[in-house]
Structure formats: C-alpha cells, structure tokens
Amino acid sequence: MKLYPELVENHAELSQWRRGIHAHPELGFEEIRTAEFVIDKLNEVGIEVHSGLGKTGVVGTLTKGNEGKIIGLRADMDALPMQELNNFDHKSVFDGKFHGCGHDGHTIMLLAAARHLSQHAEFNGTVNFIFQPAEEGKAGAYEMIKEGLFEKFSVAEVYSMHNHPGMKVGSFATRKGPMMAAIDRFDVTITGVGGHGALPQHCVDPIIIAAQVVQALQTIVSRSLDTIQPAVVSVTAIHAGDSHSVIPAKVKMSGAIRYLLPDVGVLIKRRMTEIIKSSAEAFGGVGELAFRDLGYPPLINDGACVEKAVRVAKKIVEDSNVSFDIEPIMGSEDFSFMLKEKPGCYICIGSGKANQRNFMPHHPEYDFNDDIIPLGASYWVKLVESELI
Ligand SMILES: [Zn+2]
Ligand SMILES: [Zn+2]
C-alpha cells in the first residue's frame with residue numbers, strides 16, 4: 001500500500017480521535033459534540049468553516065494554488081439508536097446510542113485528509129469537506145441540500161466512502177450506475193365494518209381483505225416487474241383487533257419497498273395502489289395507501305467519476321484489490337440525494353481484519369477498524385491531488 005507517511009505517523013493520534021467520537025455517539029441532528037470536534041480540528045489548520053447547515057452539518061472549505069475545479073468530499077457523523085454490546089475502553093458512554101455503522105471512522109478519515117491537505121499538499125482548486133448529520137434514516141444529506149448546500153458550495157463533483165467489514169483491508173469496490181437501492185416506507189389502512197365474530201354476514205372483515213392484499217402485493221415483483229430488475233416489497237407490520245370475538249373495523253399495515261431504478265419505483269407504487277384499492281373494493285371495504293416523506297432515492301454513481309475514483313484507489317492499493325463492478329446492494333444510503341444533484345462516486349473501503357470474525361455494521365458488537373484510517377485518508381488526499389491539478 002502506498003500511504004502518505006504523515007498520515008501513518010499520526011495513526012495513533014487519529015485512532016484516539018476516532019475512539020473519542022465512538023465513546024460519545026450522537027443520533028441524527030443531535031451531533032453537537034461531534035460537530036464541535038470537527039469544527040475545532042478544521043479551525044486548527046486554518047480551514048474556513050461553515051456550521052449549522054442542515055441543523056448540525058459542517059462544511060470546511062480549503063482553496064489552494066490557481067483557480068481550479070471545486071469538489072466535495074462527504075462523511076457522515078451520526079450514530080445509531082441501538083445498544084452497544086462491546087466492552088472495550090472506548091465503548092459508548094450513552095445507553096441506547098452506538099456508532100454501529102462506522103460513521104465515527106468516516107468523520108476521522110475525512111478530518112485527517114483535511115488536515116493533511118491543508119498542511120502538506122499542493123493542488124489547484126477548492127475542496128469542500130462536507131460533514132453531514134443524520135444519514136441513518138433521517139436524510140441529513142437532503143436537509144443540507146434543502147438549506148442550500150450546493151448553492152453555497154457549488155461543487156462540480158461529490159465523493160463519499162463507506163467502510164465494509166466484508167471486504168479485506170487494502171481493497172476498494174464500487175460500480176457505475178445504480179449501486180444501492182431506494183427505500184420508500186408505506187402505510188396501508190383497510191377499512192371495513194366491524195361487528196360480532198359470530199355474525200360475519202353483517203360485517204366487512206378488514207382482516208380478510210388485508211390477508212388478500214399482503215399476498216397480492218408479492219405478485220408485483222414476481223409478475224409485474226422485469227424479471228432481471230431487483231426489487232423488494234415487504235409488509236413488516238400488521239395491526240388490528242384486540243378481542244377473540246370482535247371483527248375489527250380497521251387494519252393498519254406498514255412496510256417498505258426497495259428498488260434500483262426510479263422507473264421501477266413508479267411501477268411498484270402504481271401496482272400497489274391498484275391492488276390495495278381494488279382488493280378492498282372487491283370485498284366491500286376501502287383500501288388506502290400512503291407513502292411517507294423522505295424516502296431515499298437509489299444511489300446512482302456517475303460513470304466518469306467512478307473511473308476517476310478507481311484510478312485513485314489503484315494508486316494506493318494493488319490493482320487487483322480494486323473492483324469497479326460489484327453487485328448492487330439492496331440497502332440504502334442518503335448520499336444518493338447528493339448524487340441526484342451532482343455527479344460523483346460512492347466507494348466501499350474494505351475494513352475486514354484477517355483471520356478473525358468481522359461483525360457487519362449495525363451488529364451490536366461492530367467497531368470501526370482503526371487500521372484503515374491512514375488508508376481512507378490517503379484515498380481522499382490522492383483524489384484531491386489527482387482531480388485538482
Ligand atoms: Zn448504517
Ligand atoms: Zn453507514
């Protein structure tokens with residue numbers, strides 16, 4: 001691996017920073033302490049700071065050399081609302097809050113790169129270091145964009161990186177086009193006519209309708225979609241009734257759909273509406289479908305930016321350890337909002353330790369692998385030096 005020596009020399013200090021954030025996790029839009037840490041570190045090396053964008057988001061701006069391109073590098077800062085089960089010294093000091101996705105590490109890798117670029121690197125142009133809040137389900141990226149992120153910081157391209165314990169340290173992986181799925185959360189209400197469980201002829205049983213709807217929704221993927229298009233329709237909650245002898249008047253159901261192409265999402269939503277409405281009508285009831293705001297769009301990488309990112313990764317690790325055609329992932333990621341606005345590339349950085357069990361993100365015993373801090377930061381620095389020439 002070809003790492004920047006200064007980043008390797010500072011590894012212990014950077015790990016210390018990371019563990020400090022790990023021990024003090026903050027949930028989406030509550031990243032006060034984390035944002036202050038980021039602001040302090042950026043200020044220390046003379047990087048101009050803009051804070052409070054998207055509530056707790058921070059942007060650092062560094063310009064060097066002749067006027068050149070402007071790019072954005074993005075890290076996420078938030079933790080998960082879950083209990084950590086680790087027992088090491090830097091475990092979370094807060095019950096029910098845990099850096100279970102490695103955003104503590106993402107923050108530090110970008111901070112390390114910012115400090116290095118400020119102190120040691122030569123380039124021509126401007127880098128905006130985007131530290132966003134609330135990636136986990138609360139669309140912090142969308143919030144920053146809504147508050148003018150790309151008007152205030154007009155980047156030509158935007159890049160991001162996520163640790164991946166399923167890939168070994170020293171590897172990178174990405175793909176052109178759709179890489180991660182959209183998610184839209186839905187709620188269904190089936191309204192019938194309640195009554196005595198012994199006299200169903202006087203009722204419209206919404207539970208019978210709901211049972212039909214759940215089955216029929218599964219035919220969207222198996223019968224309405226192009227068979228090579230990945231998509232998931234899941235009903236994950238059903239609530240109705242509270243007695244053995246009363247037919248309830250309503251059933252409420254919730255769930256989520258996931259897909260890789262926007263057109264597929266449109267088709268799924270249309271078929272859901274038809275199935276829910278007409279199934280309910282066929283039995284004399286009423287079916288209603290509502291999608292919640294702030295679904296995440298599919299994460300779609302720009303082809304040219306993927307090529308740039310792959311070239312950069314190959315300058316740091318072995319060519320054979322950089323994959324540019326991994327299979328798409330049906331999980332979601334709110335960097336997709338930034339990629340809807342600007343061309344860019346999201347890349348996975350391998351963080352799996354050799355010869356030991358590696359817990360995946362969102363597992364209660366997961367921990368970010370500090371070994372990759374100089375590597376991830378080197379990728380950022382090399383990307384800037386290669387792009388801003
Ligand atoms: Zn996560
Ligand atoms: Zn994450």
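In this chain, residues are counted from 1 in sequence order. Both ligands and their constituent atoms are indexed starting at 1 by order of listing. Since the structure is predicted, the reported quantities are computational estimates derived from the model, not experimental observations.
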Whether Arg175 side chain and Pro178 backbone form a donor-acceptor pair below 3.5 Å
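Yes; judged by distance alone, with no hydrogens or angles, the pair exists.
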How long is the gap from CG on Asn163 to CE on Met360, to the nearest 0.5 Å?
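With rounding to 0.5 Å, CG (Asn163) is 9.0 Å from CE (Met360).
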Which N/O/S atom belongs to Glu136 and is the closest one to the Zn ion (ligand 1)?
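Relative to the Zn ion (ligand 1), the closest nitrogen, oxygen or sulfur of Glu136 carries the name OE2.
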How wide is the angle at the Zn ion (ligand 1) spanned by His362 NE2 and Cys101 SG, rounded to 10 degrees?
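Angle NE2(His362)-the Zn ion (ligand 1)-SG(Cys101): 110°, rounded to 10°.
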Tell me whether Glu67 at atom CD has more than 12 heavy atoms from other residues, nucleotides or ligands lying less than 6.0 Å away.
no
Check whether any N, O or S atom of His106, backbone or side chain, sits closer than 2.8 Å to the Zn ion (ligand 2).
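It does not; every qualifying atom lies at 2.8 Å or beyond.
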Given side chains that start at C-beta, do those of Tyr159 and Glu387 come closer than 4.5 Å, heavy atoms only?
yes
Out of the N/O/S atoms in His162, what is the name of the one closest to the Zn ion (ligand 2)?
NE2
